[in-house]
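Worksheet for the structure shown next.
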Amino acid sequence: MAEINENLEEERTNGKVMFNKDIIKSIVSLATKEINGVASMNKTTKNVLVKLAKGKNDNGVRVVNKGNEVEVDVFINIFSDANVKDIAWRIQENIRTSVQSMMNIKVKAVNVYIVDVDFSNLERE
């Protein structure tokens, strides 16, 4: 398994493999957007001071290293006709499966924060 830090490293007998943490964020973002009912990713805060204190989070995804595991937070907007419980569960499963299969990194937790409801789907009908 890869050791996780700002640049992820995996020791092999013939060298090291290094990953940037942003790769995990990209995988998480794509896995989240694949789920029907997700309107968009949500920027978690607009306050610059809060962003600096908590760390950069400008795409609705936060990845926290916990030893050789990661904890993932996703902040989303959902469509008004979506089943909240079902969407959250499907997002958790899709992220866990995607990250573990693509990066060989154990996902300790996936926290889904539904920040807003998008009613634009009602305007289309």
Side-chain angles (χ1 to χ4, degrees):
M1 271 208 176
E3 180 183 322
I4 302 162
N5 49 30
E6 204 53 42
N7 287 316
L8 307 173
E9 295 181 20
E10 185 172 337
E11 294 245 2
R12 300 276 174 131
T13 56
N14 55 350
K16 287 184 181 181
V17 177
M18 295 183 69
F19 306 102
N20 188 305
K21 198 179 200 181
D22 290 338
I23 294 171
I24 296 176
K25 289 181 180 183
S26 296
I27 293 168
V28 168
S29 182
L30 289 171
T32 302
K33 292 175 185 177
E34 288 177 348
I35 304 300
N36 283 339
V38 174
S40 61
M41 302 301 287
N42 189 296
K43 297 178 185 193
T44 58
T45 181
K46 292 175 177 57
N47 185 330
V48 176
L49 294 176
V50 173
K51 276 186 185 180
L52 291 173
K54 290 185 177 180
K56 185 180 174 187
N57 184 13
D58 54 5
N59 62 353
V61 176
R62 186 176 353 188
V63 176
V64 179
N65 302 333
K66 299 286 184 180
N68 286 336
E69 303 173 324
V70 292
E71 285 186 8
V72 176
D73 297 331
V74 290
F75 300 83
I76 62 169
N77 301 322
I78 62 169
F79 287 118
S80 61
D81 59 350
N83 179 324
V84 175
K85 184 177 177 181
D86 182 52
I87 286 178
W89 182 83
R90 289 188 294 139
I91 289 170
Q92 289 172 323
E93 290 301 308
N94 203 29
I95 289 172
R96 184 173 285 111
T97 302
S98 297
V99 171
Q100 288 180 176
S101 67
M102 295 173 123
M103 301 290 295
N104 195 27
I105 296 171
K106 184 167 172 50
V107 178
K108 183 176 182 179
V110 177
N111 303 305
V112 178
Y113 297 91
I114 299 171
V115 179
D116 202 0
V117 178
D118 185 338
F119 291 95
S120 66
N121 59 327
L122 297 178
E123 296 169 2
R124 288 183 260 151
E125 295 176 356

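Here the structure is a predicted model, which is why all the values come from computation and not from measurement.
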Would the distance check show the side chain of [X] and the main-chain N or O of [Y] forming a donor-acceptor pair, the cut-off being under 3.5 Å?
X   : Y    : value
K33 : V38  : no
N42 : N77  : no
Q92 : V110 : yes

When hydrophobic residues are tied together by side-chain contacts of less than 4.5 Å, even through go-betweens, does [X] share a cluster with [Y]?
X    : Y    : value
V64  : I23  : no
V61  : L30  : no
F119 : I114 : yes
I91  : V117 : yes

Closest contact, heavy atoms only, [X] versus [Y]:
X    : Y    : result
A88  : V112 : O-CG2, 3.9 Å
S120 : F79  : OG-CE2, 3.8 Å
E34  : N94  : OE1-ND2, 2.8 Å
A31  : I35  : O-CG1, 3.7 Å
I27  : S98  : CG2-CB, 3.8 Å
M41  : G60  : CE-O, 3.7 Å

Tell me, with the steps shown, if V107 and I105 meet side chain to side chain contact (heavy atoms under 4.5 Å, CB included).
CA-CA 6 Å; V107 178; I105 296 171; 5.7 Å; no
Do [X] and [Y] have side chains that approach each other closer than 4.5 Å (heavy atoms only, starting at C-beta)?
X    : Y    : value
I76  : Y113 : no
M102 : I24  : no
V72  : R62  : no
I87  : R90  : yes
V74  : N111 : no
V84  : D86  : no
T32  : I95  : yes
K25  : N59  : yes

R96 and E93 ion-paired at < 4.0 Å
yes
Under the salt bridge (Lys or Arg N to Asp or Glu O under 4.0 Å) test, residues paired with D116 that sit two or more places apart:
none
Tell me, please, which residues at least two apart from N83 pass side chain to side chain donor-acceptor pair (under 3.5 Å).
none
Spacing of K66 atom NZ and K106 atom NZ [to the nearest 0.5 Å]:
14.5 Å
